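None of these values were measured; they are calculated from a predicted model. Each ligand, and each atom within it, is numbered from 1 in the order the structure gives.
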Amino acid sequence: MPLYEYRCNDCSAVFELLRPMADREVAAVCPSCESRASMPLISRVAVHAGSGSDDSPSMGGGGGGCCGGSCGCGAN
Ligand SMILES: [Zn+2]
């Protein structure tokens, strides 16, 4: 399950949350003020495709990472 970062719009707290890809856009409850007005930040998990670092053997494979089912590209 990917780890996402969110920022609370009310108190500006940044917090992390492990949740399914499908729930990424769902507002997360801020642990500081319990507001639901949070926005997902750009995940640091995201890979800059084509940036030159192409030496990862697991990239693009079906074993894990993006195509392991968490991104929805293999889900139905
Ligand atoms: Zn908050």
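- Of the inter-residue distances, the one linking Phe15 atom CZ with Ser32 atom OG reads 8.0 Å to the nearest 0.5 angstrom.
- Across every non-hydrogen atom of Cys30 and Ala13, the tightest pair is SG-CB, 4.2 Å.
- Around the Zn ion (ligand 1), protein N, O or S atoms at less than 2.8 Å comprise Cys8 SG, Cys11 SG, Cys30 SG, Cys33 SG.
- To the nearest 0.5 Å, the span separating CD on Glu25 from CZ on Arg19 amounts to 9.5 Å.
- Across all non-hydrogen atoms, the minimal contact from Tyr6 to Arg24 is OH-O, 3.0 Å.
- Annotation: the span from Cys8 atom SG to Arg36 atom CZ amounts to 12.0 Å, rounded to 0.5 Å.
- Crowding of Arg7 atom CZ: a count of heavy atoms from other residues, nucleotides or ligands under 6.0 Å not exceeding 12.
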